[in-house]
Amino acid sequence: MGLFLSLERSLALMLISLITVCTLSDCYDPLDPNGNITVTFDINQWIPEGYVARVTIQNYYQYRHVDKPGWKLGWTWAKNETILSMAGAFATKQGNCSSFKFQTPPHSCEKSPVIADLMPDALSENMPDGCCHGGLLAAWAINPSKSFSSLEMTIGNLGANPNVQAPINLTLMAPGPGYTCDLIEDTDPTVYPDIGGKRQLQAYRTWKSTCTYSSFIANQAPVCCVSLSTFYNPKITSCPTCSCGCREADKNTVSCIREGYSAPESDSFDNNDIVQCTDHMCPIRIHWHIMTNYVTHWKVKLTISNYNYERNYSNWNVLIQHPGFSQSTTAYSFNSAMLPSFGFSDEVALFWGIEYYNDELLYAEEDKVGAVSTQILLRKDLDSFTLRNGWALPRRIYFNGEDCQMPLPDTFPMLPNVSSSLKPTNPVFLLCIYLTFKRLFT
């Protein structure tokens, strides 16, 4: 009986720990429940002792993209497969090919090869359709035409009449850890359009695997936080203290080493960021400021600040969950699109930079941070609009697919205390109200 109670207590503690460390946004993203990266192997040609395959990496995440230095794809061969040649990508190691005498050396003889993308300036003979983006994959909702990458490889060393098997243990670094891939399994053969869509070609055999991201598995510290301000309250709601870590004890220190996050530009993933010392210690701060309250609209300024001293953020994006997006919305300096809300009462809007203008968020310098901003005009739903209870403030914000640390609701900027109306009214205040109404209705 005592052993049973001890086991039950241990299981309860494990469950509590899992709930504590694995939040909803870590294990499952309700704003993008169908997001994934799908890897497809299509066998399109048989050759003596092998086959020719096309591998496609397709990003179906609505707002999570693959940034520099790009993806790396790995697997383990089920038998004695050898990559004889490859186009559109390359294996990072050739391995031991000494058994292939008196012939052209294979591209890779590794049992578990790791594949990386070619750059856009690769030689034309090494560039099949859909290849060579430097490992970058755009988010599906932002640019579907750049959300995939393809490569072709010739596989040999399987003997006569081979029994072909799918690779195993698929891994994806995009660019760091955090992705878990399913088994590579047989599926319906891929069908390709040909002759302008008038003819269909079909792969001989197709294998697929789906890879999903978890910040919990990536073991990555938060990367962003949110601050708030309004025209009707002088108080600024700052990012929560220690949102992404705690600053050094010396308050005079300008730059801080931020532990727990890996710089993607590095080939190794154990380097820490160097950021401007702040109370929140986040590389990215997103500020939402309510500027003006018009009769039928209200205006907001959205500012994204980069406190990282060593990293630019290319092709960044911000996702905002907010009740006001149910009405027409205009962003003046960012691209924007509405996304499905998947049953949420609040709508979801995606914002990203304009190409060659502000699609790169520059790193911080000693005397300033890098920043991009836009004004947003939202039409009011007059049946439900109210400034009370934080209606005009966002519910949730993501940066590059990462959930940002929000302030607690009881710290949001509130409306002025209505009890002040019981005091004698200042004549100057009454004059301001009169002039405002006169301007609005004349």
Side-chain angles (χ1 to χ4, degrees), residues 22-37 59-67 137-143 147 174-176 178-179 212-218 220-228 239-240 243-244 260-261 264 280 282-288 300 302-308 311 313-325 329 331 334-353 358-361 371-374 376 390 393-409:
C22 191
T23 64
L24 183 64
S25 61
D26 288 329
C27 302
Y28 170 77
D29 186 356
L31 299 183
D32 191 11
N34 300 317
N36 68 78
I37 293 180
N59 182 17
Y60 288 112
Y61 278 106
Q62 296 290 307
Y63 47 88
R64 177 179 294 281
H65 67 285
V66 177
D67 205 352
L137 298 176
W140 174 259
I142 293 177
N143 193 342
S147 65
Y179 285 87
T212 54
Y213 178 83
S214 167
S215 57
F216 172 66
I217 294 176
Q220 160 174 305
V223 301
C224 54
C225 64
V226 177
S227 57
L228 308 167
C239 284
S243 291
C244 306
Y261 180 70
H280 55 76
C282 294
I284 296 294
R285 187 195 71 175
I286 298 174
H287 187 73
W288 178 276
V300 166
L302 178 65
T303 303
I304 308 161
S305 301
N306 181 6
Y307 290 82
N308 199 318
R311 182 184 176 193
Y313 292 84
S314 302
N315 302 313
W316 57 267
N317 68 74
V318 169
L319 184 82
I320 302 177
Q321 182 182 353
H322 191 288
F325 293 142
T329 303
F334 294 166
N335 292 306
S336 63
M338 299 301 298
L339 296 187
S341 58
F342 296 103
F344 283 90
S345 57
D346 299 332
E347 300 300 321
V348 179
L350 182 64
F351 300 91
W352 67 96
N358 57 5
D359 59 340
E360 186 169 24
L361 180 56
V372 291
S373 65
T374 187
I376 305 172
L393 302 171
R395 302 293 188 262
R396 196 172 186 178
I397 293 182
Y398 287 72
F399 177 79
N400 282 353
E402 297 293 338
D403 198 359
C404 298
Q405 300 295 303
M406 294 287 297
L408 294 175

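Computed from a predicted model, the values in this text were never measured in an experiment.
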From Phe334 atom CZ to Ser373 atom OG, the distance as rounded to the nearest 0.5 Å: 6.0 Å
Tightest non-hydrogen contact, residues Val348 and Met338, listed as O-CE, 3.4 Å
Sequence neighbours left out, what passes side-chain contact (heavy atoms from CB on, under 4.5 Å) with Asn400? Give chain and number order. His65, Tyr313, Trp316, Asn317
Side chain to side chain, Asp359 and Ser314, heavy atoms closer than 4.5 Å: no
Are Gln405 and Cys239 side-chain neighbours, meaning at least one heavy-atom pair lies under 4.5 Å? no
Any idea which heavy atoms bring Leu339 and Ala141 closest together, and the distance? CD2-CB, 3.7 Å
Quick one: does Val223's side chain get under 4.5 Å of Ile284's, heavy atoms only? no
Between the side chain of Tyr213 and the main-chain N/O of Tyr61, is any donor-acceptor distance below 3.5 Å? no
Would you mind reporting whether Ile142 and Ser147 have side-chain heavy atoms less than 4.5 Å apart? no
Under 3.5 Å, is there a donor-acceptor pair between the side chain of Asp32 and the main chain of Gln62? yes
Student check: side-chain heavy atoms of Phe399 and Leu361 closer than 4.5 Å: yes
I need the Asn306 CG to Glu360 CD distance, nearest 0.5 Å. 10.0 Å
Determine, stepwise, if the pair His322 / Val300 fulfils side-chain contact (heavy atoms from CB on, under 4.5 Å). CA-CA 12 Å; His322 191 288; Val300 166; over 6 Å; no
From CG (Leu302) to CD1 (Ile376), nearest 0.5 Å: 4.5 Å
Could you tell me whether the side chain of Ser305 reaches within less than 4.5 Å of the side chain of His287, counting heavy atoms only? no
Under 2.5 Å between the SG atoms of Cys244 and Cys282? yes
Rounded to the nearest 0.5 Å, what separates atom CE in Met406 from atom CH2 in Trp288? 10.0 Å
Spacing of OG1 belonging to Thr374 relative to CD1 belonging to Ile304, to within rounding of 0.5 Å: 9.0 Å
Between Pro30 and Arg396, is there a side-chain heavy-atom distance shorter than 4.5 Å? yes
In terms of heavy-atom contacts, Gly324 and Thr329 come closest through O-OG1, 4.4 Å
Across all chains, not counting sequence neighbours, the side-chain contact (heavy atoms from CB on, under 4.5 Å) partners of Asn335 are Trp352, Ile354
Sidechain-backbone polar pair: Asn59 side chain, Ala138 backbone, donor-acceptor under 3.5 Å: yes
If we only count heavy atoms from C-beta on, is the Ile286 to Ile320 side-chain gap below 4.5 Å? no
Donor-acceptor under 3.5 Å (Asn36 side chain, Tyr60 main chain): no
Stepwise disulfide (SG to SG under 2.5 Å) check, Cys404 with Cys225: CA-CA 5 Å; Cys404 298; Cys225 64; over 6 Å; no
